[in-house]
Amino acid sequence: MGLGVDVDLATVWAFIIAFAVFVYVVMDGFDLGLGMLFPLFPKKADRDVMMNSVAPVWDGNETWLVLGGGGLFAAFPLAYAVLMPALYTPMIIMLLGLVFRGVAFEFRWRTQRERNRWDIAFAGGSLLATMAQGVALGAILQGVQVEGRAYAGGWWDWLTPFSILTGLALVTGYSLLGATWLVMKTEGELRDEAYRLSWWLLMAMLIAIGAVSIATPFLNFEYAQRWFAWPNVLVTAPVPIAVAGVTVLLLRALAKRQDYRPFFLSLTLFALAYAGLGISMWPYIVPRSITIWQAAAPENSQIFMLVGVAILVPIILIYTAWAYWVFRGKVNSESGYH
């Protein structure tokens, strides 16, 4: 077929993978954030309520991470072959963090004497996984060294001041999601403390967004052109304006002590930051080196996989929505999954 069809298929798959990654951020972000907030809630009863608030849904969140990684491997094999060697260390750290978190989640309910150790493992695993995801994002955004069709950089190229900055920004953002999730799902003193933390974490997240936004154009001249050159600025300017507007709404929702709006407005901030990332990178899947069309799998393979995704993704979305609906409402010390 013609080039136009190839371009359309590659674009469709790019959006499918971007969608899967974003849904993972939405689903697992507040879960990891809740884990990182664990040390700030020393009471056993509070920690039990926190874990019960996510217990019915937490173990399905990684489905979207698998879909994103598997989709990258299947639809853009060249990008997968270049990016994975560049990110082996943060990816291994992320997986270890997720394993520690998952094991701790179940084991802390089975023992009384060792419960504190499993609480530490839960918080530490959440922090490791989040930091590794943020560092990997920064490493991709700053670009990797490519020669021919292979990664040509070193083992530690992913570790830079910018990648550490994006790691800390994601830690802050996930923590805000965790705090606003607690506002939505809990009651009493626990909810009051979550409100207080949400104020501080929102300020920290705004600082982090600003720092990353200022640093990103200095990574690559194309990034600066994409954001500030005319007429591109007509497309990019609404993003920071929208961030400011959502921030005002979020501050108002916290001031009025609303239950649901803070969480969903925090997710909107993530969506806007994600849109900004897409604006910076498009159409590269490996920044400055490989576009989505250069990395795309053969057309027949993309079509074959697209049929499977068109069937499975709606089923997963329906099941996930049903699970959240069934376990909706507040969680207190007298109710819960465990």
Side-chain angles (χ1 to χ4, degrees), residues 11-33 61-69 71-72 76 79 83 87 90 94 129-143 162-163 165-178 180-181 201-202 204-217 219-220 223 226-227 232 235-247 249-250 262-287 292 313 317 320:
T11 302
V12 167
W13 269 105
F15 277 96
I16 289 173
I17 294 171
F19 173 76
V21 173
F22 179 71
V23 173
Y24 169 76
V25 169
V26 170
M27 297 293 184
D28 216 27
F30 66 83
D31 188 355
L32 290 166
N61 296 333
E62 278 74 26
T63 301
W64 299 100
L65 186 63
V66 173
L67 177 59
L72 180 66
F76 301 104
L83 290 175
L87 302 175
M94 180 192 74
T130 303
M131 190 70 186
Q133 290 176 17
V135 167
L137 172 63
I140 293 172
L141 192 59
Q142 69 191 10
F162 180 76
S163 68
L165 175 62
T166 54
L168 294 174
L170 196 63
V171 167
T172 303
Y174 279 3
S175 296
L176 175 63
L177 289 181
T180 53
W181 171 263
L201 289 169
L202 174 58
M205 183 178 177
L206 293 175
I207 293 171
I209 290 175
V212 173
S213 299
I214 292 171
T216 298
L219 296 174
N220 186 347
Y223 291 163
R226 187 71 54 83
W227 279 94
N232 295 343
V235 177
T236 58
V239 175
I241 294 174
V243 168
V246 172
T247 299
L249 293 176
L250 181 49
F263 179 70
F264 291 105
L265 288 170
S266 297
L267 290 180
T268 304
L269 281 180
F270 261 88
L272 292 170
Y274 199 66
L277 175 65
I279 290 172
S280 295
M281 290 183 60
W282 182 264
Y284 289 97
I285 195 166
V286 180
I292 60 171
V313 168
L317 286 172
T320 302

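- Atom CD in Q133 sits 6.5 Å away from atom CG in L65 (nearest 0.5 Å).
- Going from atom CD1 of I16 over to atom OG1 of T11 covers 11.0 Å, rounded to the nearest 0.5 Å.
- In this structure, G134 and T166 approach most closely via the heavy-atom pair O-OG1, 2.8 Å.
- Panel note: side chain Y274, backbone A18; a donor-acceptor pair is recorded below 3.5 Å.
- The minimum heavy-atom distance linking V246 with L272 is given by the pair CG2-CD1, 3.9 Å.
- Between L32 atom CG and T130 atom OG1 the span is 4.0 Å, to the nearest 0.5 Å.
- Considering all non-hydrogen atoms of both residues, T216 and S280 come closest at CG2-OG, 4.2 Å.
- Inter-residue side-chain proximity for V66 and Y24 is flagged as unmet; no heavy-atom pair is nearer than 4.5 Å.
- Here CG of L250 is found 8.0 Å from CG of L206. Values are rounded to the nearest 0.5 Å.
- Between V313 and L67, the closest side-chain pair of non-hydrogen atoms falls below 4.5 Å.
- Taking the six-membered ring where the residue is Trp, W64 and F19 present perpendicular rings, their angle passing 60° and hence far from 30°.
- Listed by chain and residue number, F30, F263 satisfy the ring-ring contact (aromatic ring centres under 6.0 Å, His included) test with W181 (two or more places apart in sequence, or in another chain).
- In this structure, Y174 and V25 have side chains that are in contact, with non-hydrogen atoms separated by less than 4.5 Å.
- Considering CE of M205 and CG of L177, their distance stands at 6.5 Å, rounded to 0.5 Å.
- Across all their heavy atoms, L277 and L137 have their closest contact at CD2-CD1, 3.5 Å.
- Taking all atoms of both residues into account, the shortest heavy-atom contact from S266 to T180 is OG-CG2, 3.5 Å.
- Nearest heavy-atom pair across V212 and L165 is CG2-CG, 3.9 Å.
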Derivation of the side chain to side chain contact (heavy atoms under 4.5 Å, CB included) call for L267 and F22: CA-CA 10 Å; L267 290 180; F22 179 71; 5.8 Å; no
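- Note that CD1 of I209 and OG1 of T247 are 7.0 Å apart. Values are rounded to the nearest 0.5 Å.
- Contact check for W13 versus I292: no side-chain heavy atoms found under the 4.5 Å cut-off.
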